[in-house]
Amino acid sequence: MSSSLAQSAIAKLKEAGLGDVLHVPGEQAYQAKEASLIPLSQKLGPWAIVQPRNTEEVSKAVKALVSTEGLQFAVRSGGHMWVDNSNNIKEGVTIDLTLMTKRTYDPKTKLVSLEPGSRWKDVYRELVDQGLLVVGGREAEVGVGGFLIGGGLSFFNSSKGWSCDTIVNFEVVLADGSIVQANKTTNPDLFLALKGGSANFGIVTRFDMESMESKNIWCGTAAYPKSATGQLVDAYVDFTNNLSHTPDDYVFLYAFRGAKEEDYAISLNFSNMNGVANPEPLRGLLEIPNPISKPEDFKVKTLYTKLTDYAVPSANYTNWEAITVQVDASVTNKAFAEFDILIEKLRKAIPDNDFIARIVVQPILKSWADISASKGGNVLGIENLPGDCLNILVGVEVPSLELREQVGRPAVKALLNTVKSFAKSINKDADWLYLNYCTDGQEPFATYGAENVKKLKAAAAKYDPNRVFQERVPGGFKISKAQ
Ligand SMILES: Cc1cc2nc3c(=O)[nH]c(=O)nc-3n(C[C@H](O)[C@H](O)[C@H](O)COP(=O)(O)OP(=O)(O)OC[C@H]3O[C@@H](n4cnc5c(N)ncnc54)[C@H](O)[C@@H]3O)c2cc1C
């Protein structure tokens, strides 16, 4: 690192009074931050990392970086987005928001205010202690910032809509450093755009969210051998077809193939968000015989303990990618058959059989759009879905970046392309991609509908007329690329 651009950005950040939260290569704080990044491929070694402590410091950092002509920068909250360069930058400066973790509750408005740098486990720990919850993430370490501006798949989607639908106000630092509020009366076009429009408009420094009472959750996992796949898929499709009538139930269907293991095991992860044990709508799934493992009694937990019991390990190079299809047993079975083929392919190509593969099936219900509409809408466009859908998310973990690029990523892409073609051939496709589950090369905004793309482009042009978040912040999904 010694380009004059880097030196000049660093000098401006210091002039702005940010010297004590500015870290450069070689410093312990810099090394620790880079080492903590979850997708290993995001360890890019930026010229500097600046860690604002509050909104005013974010504003100062943005002004300093934007005024350094030609400089590019990245923005990071939890750092969990797996898209390359989305939350870090090799030749530029990274604004890291992980010191901004303030979480407050106003009993008068019943709103919870979250700064973007918290992890969901920390949010829930504090809220549950106060008897409260918000519609947030399902994995302990995922960050608040990126999750919420991408939409937010939570355990409460069927009763509360997308996580972003429960936000009533965003505080945002725009590209000129100004600090604005976005809600249904102030900057309503920005308010709408931030509900799913991701990192195209400014840096969100506070989310004001509706709260709800914290309840205990009944939950547990049952694992089955691969041979039970067809039975599980049939029962899961029945369950999903009724889910809009039983919104407190939640079930993931997923398969996991651990490193060096012969075959995958297929599992059902059950939850009832009201703490009801063995709810009737889950009977078909709960009664599937001959599990490999199934606890006698599932546990009742808080959302905090549920999250801390389950964190996705991340010691390797990962690639995740997803598509959406209509709820259909033959398409879902096809996905698992192709998952088997993917495992075989990777077994031949990865030395020592050292890879992990996962496939996760979860609902995306068209009826969530009605809940969103009742809250003022968002830009995700699921009202255009052909019906209730399933999201099929596939991930592989391999020991090196080369293996991810040469073997892992192409294998996942081939699987999803085959499933999509099959779904299309029987009219069960759905042309929709969830931004937070997309990978490099996918274009989620193009699937959100022409009206939403128009609104997003208009908001980007109005609030960021100099295209800073399109061109000077190169990471993440850009609305300017959507056709
Ligand atoms: C293990 C795992 C589990 C997951 N589980 C779920 C799940 O249950 N539901 C779900 O919906 N998604 C899930 N995701 C996807 C997750 O929501 C996205 O990766 C999300 O972007 C992560 O948020 P983050 O703050 O950690 O992201 P980051 O990587 O920090 O940010 C993501 C993007 O948003 C931008 N950004 C971040 N903060 C701000 C801000 N404050 N203002 C403006 N732009 C910002 C970044 O520049 C980047 O482009 C999961 C991901 C992983 C790896």
Side-chain angles (χ1 to χ4, degrees), residues 36-42 52 55 58 62 72-89 92 94-98 100-101 114-121 123 135-157 162-164 170-175 182 190 193-194 196-207 250 252 254 269 303 306-307 310-314 318-322 358 360 362 364 380 391 393 395 397 434-440 444 463-464 468-469 472-479:
S36 73
L37 295 179
I38 296 292
L40 297 186
S41 50
Q42 305 287 26
T55 303
V58 173
V62 168
Q72 293 196 316
F73 60 102
V75 180
R76 174 169 63 228
S77 285
H80 263 56
M81 188 174 260
W82 50 71
V83 182
D84 285 351
N85 307 303
S86 58
N87 54 40
N88 207 357
I89 188 162
T94 296
I95 299 180
D96 177 288
L97 300 166
T98 49
M100 293 183 62
T101 57
L114 300 176
E115 287 187 337
S118 291
R119 316 252 167 210
W120 286 108
K121 70 169 193 293
V123 172
V135 178
R138 297 174 302 190
E139 205 266 348
E141 301 293 335
V142 166
V144 164
F147 172 91
L148 286 176
I149 57 176
L153 280 175
S154 87
F155 290 112
F156 300 100
N157 291 128
W162 292 84
S163 294
C164 65
F170 297 86
E171 179 183 79
V172 191
V173 172
L174 299 179
L190 181 59
L194 282 166
S198 197
N200 282 285
F201 316 99
I203 300 181
V204 179
T205 50
R206 201 188 69 237
F207 301 87
Y250 197 95
F252 287 108
Y254 70 95
N269 180 273
L303 190 50
K306 180 173 167 64
L307 254 72
Y310 167 79
V312 179
S314 54
T318 314
N319 178 58
W320 289 93
E321 183 166 347
R358 295 184 179 86
V360 185
Q362 52 192 305
I364 306 276
L380 296 167
N391 183 279
L393 174 65
E397 285 184 32
Y434 175 42
L435 181 144
N436 271 344
Y437 282 176
C438 279
T439 194
D440 306 76
Y463 293 96
D464 180 20
V468 168
F469 286 92
R472 307 271 306 270
V473 182
F477 293 99
K478 298 296 161 196
I479 186 59

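Counting convention: from 1, in listed order, for ligands and their atoms alike. Heavy atoms only: backbone and side chains are in, while hydrogens, waters and symmetry mates are out. Quick note: residue numbers are just sequence positions, from 1. Please read all numbers here as calculations on a predicted model, not as lab measurements.
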Would you say Gly476 has any N or O atom under 3.5 Å from an N or O of ligand 1, going by distance alone? no
Nearest heavy atom to atom 23 (O) of ligand 1 wins, so pick from Trp162, Trp320, Phe207, Phe147. Phe147
Is there a polar contact between ligand 1 and Gly78, counting only N or O atoms under 3.5 Å apart? yes
Got a donor-acceptor contact below 3.5 angstrom from the Asn436 side chain to the Phe147 backbone? yes
What atoms of ligand 1 come closer than 4.0 angstrom to any heavy atom of Arg76? 30 (O)
Any N or O of Ala199 closer than 3.5 Å to N or O of ligand 1: no
CH2 of Trp120 to CG of Leu307: how many Å apart, nearest 0.5 Å? 10.0 Å
Report yes or no: do Thr94 and Asp96 form a side-chain donor-acceptor pair below 3.5 Å? no
Taking all atoms of both residues into account, what is the closest heavy-atom pair of His80 and Pro39, and its distance? O-CG, 4.1 Å
Run the numbers for me: atoms of ligand 1, each under 4.0 Å from some heavy atom of Tyr434, listed by number. 10 (C), 11 (O)
Counting from 1 in the order shown, the ligand 1 atoms closer than 4.0 Å to a non-hydrogen atom of Ser77 are 25 (O), 30 (O), 37 (C), 38 (N), 39 (C), 41 (N)
Does the gap between the ring centers of Tyr463 and Phe201 come in under 6.0 Å? no
Does ligand 1 have any atom that is closer than 4.0 Å to a heavy atom of Gly150? no
I'd like to know if the side chain of Tyr434 reaches the main chain of Pro444, judged simply by a donor and an acceptor atom lying under 3.5 Å from each other, with no hydrogens or angles considered. no
Using a plain distance cutoff, I'd like to know if Pro116 has any nitrogen or oxygen under 3.5 Å from a nitrogen or oxygen of ligand 1. no
Given His80, Arg119, Arg138, which has its nearest heavy atom closest to atom 26 (O) of ligand 1? His80
Donor-acceptor contact below 3.5 Å, side chain Trp162 vs main chain Ser154: no
Within 4.0 Å of some non-hydrogen atom of Ile203, the atoms of ligand 1 are 42 (N), 43 (C)
Heavy-atom contact under 4.0 Å between Gly202 and ligand 1? yes
For Asp464, salt bridge (charged side-chain N to carboxylate O under 4.0 Å, His left out) partners two or more places apart: none
Identify, by atom number and element, the atoms of ligand 1 in contact range of Tyr437, meaning under 4.0 Å from any of its heavy atoms. 6 (C), 7 (C), 9 (N), 12 (N), 13 (C), 14 (N)
Asn87 and ligand 1 - part of the residue with a heavy-atom distance under 4.0 Å: side chain
With Gln42 via side-chain hydrogen bond (donor to acceptor under 3.5 Å, both in side chains) - residues at least two apart: Ser86
Any idea which atoms of ligand 1 are less than 4.0 Å away from a heavy-atom of Ile149? 34 (O), 36 (N), 43 (C), 44 (N), 45 (C)
Which ligand 1 atoms, with their elements, are less than 4.0 angstrom from a heavy-atom of Gly152? 11 (O)
Picking from Val204, Asn200, Ile203, what satisfies side chain to side chain contact (heavy atoms under 4.5 Å, CB included) with Ile149? Val204
Heavy-atom donor-acceptor pair, Lys478 side chain to Val473 backbone, under 3.5 Å: yes
Mark up the atoms of ligand 1 that fall under 4.0 Å of a heavy atom belonging to Trp82, in ascending order. 51 (C), 52 (C), 53 (C)
Just heavy atoms, cut-off under 4.0 Å: does Leu97 contact ligand 1 by side chain, backbone, both, or neither? side chain
